[in-house]
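Computed from a predicted structure; not experimentally measured.
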Amino acid sequence: MKVEAVGKIQMESIEREKSQEVLKNSISNMKMQNEGVYDQQAINFGSSQISGN
């Protein structure tokens with residue numbers, strides 16, 4: 001009985017770690033995409049300033 005409970009707890013903690021890892025990855029992907037958007041806005045703004053628009 002004890003062994004089964006310990007096994008279940010370990011499986012649950014592994015599942016939790018996996019879902020946290022997925023969450024971290026999606027958050028860092030969102031951050032990178034946002035940074036790309038800001039870079040593009042800065043480039044557009046910079047080039048519009050240079051061309052005098």
Side-chain angles (χ1 to χ4, degrees):
M1 189 68 186
K2 275 187 178 176
V3 174
E4 288 177 18
V6 169
K8 187 173 186 224
I9 290 169
Q10 286 176 336
M11 286 301 293
E12 287 174 358
S13 72
I14 289 170
E15 288 296 315
R16 198 175 308 120
E17 284 175 18
K18 280 184 187 172
S19 62
Q20 285 177 344
E21 193 64 32
V22 167
L23 190 62
K24 279 184 203 165
N25 288 342
S26 63
I27 288 173
S28 66
N29 285 345
M30 281 168 37
K31 282 183 182 173
M32 283 174 12
Q33 287 172 351
N34 283 345
E35 286 169 8
V37 168
Y38 291 133
D39 287 347
Q40 193 57 52
Q41 288 175 341
I43 290 166
N44 291 346
F45 179 76
S47 58
S48 70
Q49 295 298 307
I50 292 167
S51 62
N53 290 340

How long is the straight-line distance from [atom2] of [Y] back to [atom1] of [X], given to the nearest 0.5 Å?
X: Glu17; Y: Glu21; atom1: CD; atom2: CD; answer: 9.0 Å
X: Asp39; Y: Asn34; atom1: CG; atom2: CG; answer: 11.0 Å
X: Phe45; Y: Ile50; atom1: CZ; atom2: CD1; answer: 10.5 Å

Side chain to side chain donor-acceptor pair (under 3.5 Å) partners for Asn44, two or more places apart
Gln40

Can you list the residues that meet the side chain to side chain donor-acceptor pair (under 3.5 Å) rule with Glu12, with sequence neighbours excluded?
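Partners of Glu12 under the side chain to side chain donor-acceptor pair (under 3.5 Å) test: none.
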
Is Leu23 isolated, or which residues cluster with it under the ILVMFWY side-chain rule of less than 4.5 Å, directly or via members?
Ile27

